[in-house]
Protein chains: 2
Amino acid sequence: MVIFTNMLVESPGIPSQRERILDAAERLFMERGFAAVTLRDIGTELDTTHAALYYHFPGGKEALFAEVAERNVRRHGEGLAAAIEAAGIGLRARLRGAAAWLVSQPPMDLIRMTQSDFPSLPDADAGRIMSLIYELILLRLQAVFETARASGEIADCDPGLVAGGLVGMVESLHSIPVFARRRSLDEMACELLDIVLRGLGYREGGTA
Amino acid sequence: MVIFTNMLVESPGIPSQRERILDAAERLFMERGFAAVTLRDIGTELDTTHAALYYHFPGGKEALFAEVAERNVRRHGEGLAAAIEAAGIGLRARLRGAAAWLVSQPPMDLIRMTQSDFPSLPDADAGRIMSLIYELILLRLQAVFETARASGEIADCDPGLVAGGLVGMVESLHSIPVFARRRSLDEMACELLDIVLRGLGYREGGTA
DNA sequence: GTCTATATAAAGATAGAC
DNA sequence: GTCTATCTTTATATAGAC
């Protein structure tokens, strides 16, 4: 029986250097965007040099960003699905779970991504990541509204539009400077959610 | 009677080169953010060289961005005030006017500004512009909700939170790629607005 | 795998001609 | 006022030692 070294370093709790790079890069890139982060910033974060990054990511900054952005979208999607799942049934519970997840994560600035980051990437990368955003996040939330509509919990509406508007509204809470936050992002998201729910004619349990 | 040259070049319809630079810079900076735009980009846009920009803006990129960002916020604030004013009375009309104005402008990405652009500026500039955003945009919209609350058009709510959430929701429509827009941003904003209005217990005319 | 050193390119900024 | 040319800094990227 042969034990591979890379199986050991990938064991839980001992993240590989590659993972550590991805973590730091993801945080920096998602906070500031592609253009505003240098490879030296990422190296400094890990107490190493930017040259070391090229061993793990031969494709350089673009490849690193593309991988990091895709990873971020997938993580957002998984967390969203898990939060919705864990919330059980009922539109209000599901949306609160989804919103709590979104504000617990670094901001996902879709305006910056579409207007600034993606145009800097090869079309193939940009297109793939944009499709993932649509598929893993927007469609996932849209399905929640469709389910609620089908069971009579809410009135008729454009579920895709409402899902998108909700993400934008909740994510925008991240733009409140930390010193100006008199309540937690979670509480504020809940209050906004309740307004939207009422606007959709929400009644618990639906027509049943 | 002396006629100053710079009075002539500032006459309507004949924008000075300084104005043309501000216009181009504003569009580019507000679309892509501080880090993603080079002075050469701006020069190219005006069929000139980046060196020429230093004659009009000796402070370089930072000073140009600071002036452009402040100008953009003031323009947003003025347009917002004018749109609300022109809409007459009634919360729905006012919010529709405000939303129509917001989607008619290049996106104002508050997440990117606070997380990425402002940290690149001197604290004084960043603080001043952030205060203007608060004062000219958020407080202006907040006042609309407070007025509506006072006249009984809507139920009690946190007007600052609702104003902020609304801006975030409406602005996020800008992240929909152009090819994927099946309706105009204006129509989508109206539909979202109506949901929020209903959620606030809106009734036309208020208690009167 | 990571480092130092270096090559190359891009971007901010200035000088001086016109 | 604008241009060309140049300088300086910064950033991406590579080479080769360890």
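Here is the naming used below: chain letters follow the sequence lines, and residue numbers restart at 1 for every chain. The analysis underlying the following values was restricted to heavy atoms, covering all of them including side chains, and did not include hydrogens, waters or symmetry mates.
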Does a side-chain N or O of Tyr55(B) approach OP1 or OP2 of dT2(D) to a distance below 4.0 Å, or not?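 Answer is no, no contact under 4.0 Å.
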Could you tell me the separation between the [atom1] atom of [X] and the [atom2] atom of [Y], rounded to the nearest 0.5 Å?
X         : Y         : atom1 : atom2 : answer
Tyr202(A) : Asp194(A) : OH    : CG    : 9.5 Å
Ile42(A)  : Thr48(A)  : CD1   : OG1   : 12.0 Å
Met169(B) : Leu192(A) : CE    : CG    : 9.5 Å

What integer distance in Å separates [X]:[atom1] from [N]:[atom2]?
X        : N       : atom1 : atom2 : result
Leu53(B) : dA11(C) : CG    : C1'   : 13 Å
Phe57(B) : dT14(C) : CZ    : P     : 15 Å
Arg18(B) : dT2(D)  : CZ    : C1'   : 16 Å

Specify the closest pair of heavy atoms between Glu171(A) and Pro107(A), including all atoms of both residues, with the distance to one decimal.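 The pair with the smallest heavy-atom distance is OE1-CA, 3.5 Å.
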Once each nucleotide of nucleotides 4-18 of chain D is scored for protein heavy atoms under 4.0 Å, what B/S/- sequence comes out, 5' to 3'? B------BBBB----
Can you tell me if Arg182(A) has over 12 outside heavy atoms packed within less than 6.0 Å of its CZ?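 Count not over threshold, so no.
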Verify whether one side chain among Thr38(A) and Asp41(A) offers a donor that lies under 3.5 Å from an acceptor in the other. yes
